[in-house]
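To find a chain, count down the sequence lines: A is the first, B the second, and so on, and within it residues start at 1. Note: hydrogens, waters and symmetry copies are ignored here, and every other heavy atom, side chains too, is used.
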Protein chains: 2
Amino acid sequence: MTPEKTVARLSLYRRFLKLAKDEGTSNVYSHQLADMVRGTSAQVRRDLMALGCSGSPQKGYDVNELIKHIDEFFNTSEVVDVILVGIGNIGRALLSYFKSGKSHINIVASFDSDRQKVDRVINNSKCYYIEELSKFVSENNIKTAILCVPASEAQQTADVLMHSGIKGILNFAPVRLKLPANIFVEDVDITMNIEKLVYFSSGKRK
Amino acid sequence: MTPEKTVARLSLYRRFLKLAKDEGTSNVYSHQLADMVRGTSAQVRRDLMALGCSGSPQKGYDVNELIKHIDEFFNTSEVVDVILVGIGNIGRALLSYFKSGKSHINIVASFDSDRQKVDRVINNSKCYYIEELSKFVSENNIKTAILCVPASEAQQTADVLMHSGIKGILNFAPVRLKLPANIFVEDVDITMNIEKLVYFSSGKRK
DNA sequence: TAGATTGTTAATCGATTAACAATC
DNA sequence: TAGATTGTTAATCGATTAACAATC
């Protein structure tokens with residue numbers, strides 16, 4: 001229903017708003033939020049309108065009200081359990097990053113095919129053997145997974161995730177996963193990002 | 001000149017084509033490449049046309065010719081030196097990922113403000129003290145940087161990068177950098193990605 | 001030939017941008 | 001009031017999609 005880009009921007013607005021709130025700011029203008037997302041103020045107004053938020057001239061938008069609405073949108077009152085598959089360098093970095101628990105997103109368990117890693121607790125989440133994944137996912141009704149396995153294992157692991165009932169995958173493997181359209185896949189493709197970056201920073205930018 | 005999305009897709013095409021070549025495939029059809037990028041065959045044909053590549057009915061496109069053209073587009077014959085700032089979990093993961101040297105992108109040096117890390121060689125790249133960054137960048141004519149410092153230090157580090165002559169930044173810090181328009185910034189915002197993922201995998205997807 | 005794919009043009013779609021009266 | 005910002009509509013822009021004759 002809500003377009004992908006709007007969802008992405010709402011997430012960024014929220015981060016900015018929480019910082020603003022911590023600093024004691026009580027109201028913001030659309031152009032301040034626009035700076036945050038490299039967008040325009042009209043775009044921000046449209047996003048917030050879609051969310052049912054209204055502002056006023058002179059005062060702009062109420063920070064607390066916006067946070068409340070965006071929190072509702074993302075349903076942050078409910079903790080979402082997520083699993084992570086593949087304890088390599090990136091996997092470990094993500095576990096470390098999310099252990100803070102500031103977010104409503106919680107990496108409840110991790111999985112690896114390396115027996116040496118199994119049963120260890122890395123950054124608050126216990127590592128299980130990959131074969132236990134299916135059972136864990138269905139028993140705990142997990143819907144979202146972070147996939148950090150090597151490229152060569154990505155597709156077969158994704159298939160397991162799908163059959164276990166996972167509906168969304170954040171894919172760090174440099175491979176395009178072939179999955180049915182009802183599974184939402186978000187690719188984080190760093191090699192591609194760097195190639196793009198090098199291209200545009202080498203003076204070929206329009 | 002070339003749109004961002006096309007550049008991103010070309011990078012993906014190349015990866016797919018190299019795999020195909022290794023498997024002995026000599027020609028591909030637009031729909032095969034379309035699968036790779038979750039796009040359409042018409043889109044692929046347009047991208048390749050923009051690149052000056054032409055195919056033929058029945059045979060499609062010649063794999064070697066495409067690789068040649070895309071390599072030329074990305075200028076892969078020339079090794080591009082890139083620096084990395086911030087040896088935390090993500091920084092280390094990236095160094096490990098790029099040490100293979102398969103790509104034309106080479107992380108020549110890394111920088112950190114922690115004296116303990118300085119002078120160590122982590123995954124083929126020596127770590128320097130952050131204060132040496134400016135000198136290193138200008139002396140070695142570096143144009144591209146990967147920024148993995150904590151959010152609190154991101155903006156000030158980005159300012160240093162800019163003043164040193166960096167033109168492109170891959171930003172892993174969950175902060176929107178404020179930089180002039182001539183600096184190309186690519187954000188890798190994992191928190192946002194996960195929030196988006198959770199939203200769309202929780203049944204709210206259109 | 002028949003059939004799938006090509007290059008290329010035209011139509012569609014959606015998002016962004018511009019514009020402006022209403023508001024505080 | 002004057003001025004900046006708001007909600008909202010209309011115009012623009014660009015990318016995607018559809019269409020189709022030409023090709024091997």
A.B. asks: Whole angstrom is fine here: how far is it from CZ in B:R45 over to C1' in C:dT5?
C.D. replies: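 B:R45 atom CZ is separated from C:dT5 atom C1' by 7 Å.
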A.B. asks: Under a 3.5 Å limit for both distances, which nucleotide forms a Watson-Crick or G-U wobble pair with C:dC20, could you say?
C.D. replies: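 Across all strands, the one nucleotide that pairs with C:dC20 is D:dG7.
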A.B. asks: Does B:T2 reach the side chain of B:F73, with side-chain heavy atoms less than 4.5 Å apart?
C.D. replies: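 Heavy-atom side-chain distance check passes, below 4.5 Å.
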A.B. asks: Could you state the atom-to-atom distance from CG of A:D35 to C1' of D:dT5 in whole Å?
C.D. replies: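 Between C1' of D:dT5 and CG of A:D35: 15 Å.
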A.B. asks: Is B:Q43 close enough to D:dT16 that one of its side-chain N or O atoms is under 4.0 Å from OP1 or OP2 there?
C.D. replies: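 B:Q43 to D:dT16 OP1/OP2: side-chain N or O found under 4.0 Å.
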A.B. asks: One thing to verify: whether B:R15 and A:D189 come together as a salt bridge, which I'm taking to mean a side-chain N less than 4.0 angstrom from a carboxylate O.
C.D. replies: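 Looking at B:R15 together with A:D189, the answer is yes, because their closest N to O distance falls below 4.0 Å.
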A.B. asks: Would you mind classifying the nucleic acid contact of A:R38 as base, sugar-phosphate or nothing, using non-hydrogen atoms under 4.0 angstrom?
C.D. replies: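 Nothing, no heavy atom under 4.0 Å.
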A.B. asks: Would you kindly give the NE2-to-P distance between A:H31 and C:dT17, to the nearest whole Å?
C.D. replies: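 Answer to the nearest Å: 17 Å.
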A.B. asks: Among C:dG7, C:dC24, D:dT6, which nucleotide sits nearest the side chain of A:Q58?
C.D. replies: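 Side chain of A:Q58 sits closest to C:dC24.
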A.B. asks: Could you walk me through whether A:K178 and A:D159 pass salt bridge (charged side-chain N to carboxylate O under 4.0 Å, His left out), step by step?
C.D. replies: CA-CA 9 Å; A:K178 280 179 193 165; A:D159 290 339; over 6 Å; no
A.B. asks: So, is A:Y29 near the phosphate of D:dG3, with a side-chain N or O under 4.0 Å from OP1 or OP2?
C.D. replies: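 Negative; the distance criterion is not met.
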A.B. asks: Under 4.0 Å between a side-chain N or O of B:S30 and OP1 or OP2 of C:dT6?
C.D. replies: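 For C:dT6, OP1/OP2 do have a side-chain N/O of B:S30 under 4.0 Å.
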A.B. asks: Mind checking A:K5 for me? I need base, sugar-phosphate or nothing, with any heavy atom below 4.0 Å counting as a touch.
C.D. replies: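 Sugar-phosphate, backbone atoms only, no base.
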A.B. asks: Rounded off to whole Å, could you give me the CG-to-C1' distance for the B:D47 and C:dT6 pair?
C.D. replies: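 So the two atoms are 15 Å apart, to the nearest Å.
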A.B. asks: Check the distance between D:dG7's P and A:L51's CG and give it to me in whole angstrom.
C.D. replies: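 Distance, rounded to whole Å: 12 Å.
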A.B. asks: Under 4.0 Å, heavy atoms only, any strand: does A:T40 hit a base, just the sugar-phosphate, or nothing?
C.D. replies: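 The answer is sugar-phosphate, as A:T40 gets under 4.0 Å only of primed atoms, P, OP1 or OP2.
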A.B. asks: Please figure out whether A:A42 or B:V28 has its closest DNA chain C nucleotide nearer the 5' end.
C.D. replies: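 Comparing both residues, the 5'-ward one is B:V28.
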A.B. asks: What integer distance in Å separates A:M49:CE from D:dT9:P?
C.D. replies: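 Those two atoms, CE and P, are 8 Å apart.
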A.B. asks: Need one value for B:S54: base, sugar-phosphate or nothing, where a base atom within 4.0 Å counts as base even if backbone is also close, heavy atoms only.
C.D. replies: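 Sugar-phosphate only.
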A.B. asks: What is the distance from CG of A:L66 to C1' of D:dT6, rounded to the nearest Å?
C.D. replies: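 Distance, rounded to whole Å: 13 Å.
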A.B. asks: On the nucleotide D:dT8, are OP1 or OP2 found under 4.0 Å from the side-chain N or O atoms that A:R46 carries?
C.D. replies: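 Answer is no, no contact under 4.0 Å.
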A.B. asks: Tell me whether A:D71 is salt-bridged to A:R14, with the criterion being a basic N under 4.0 Å from an acidic carboxylate O.
C.D. replies: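 Answer for the salt bridge query: yes.
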A.B. asks: When you measure from the side chain of A:E78 to the backbone N and O of A:N75, does any donor-acceptor pair fall under 3.5 Å?
C.D. replies: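 Pair absent, no side-chain N/O of A:E78 close to backbone of A:N75.
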A.B. asks: Between C:dA15 atom P and A:E4 atom CD, what is the distance in whole Å?
C.D. replies: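 It is 11 Å, rounded to the nearest whole Å.
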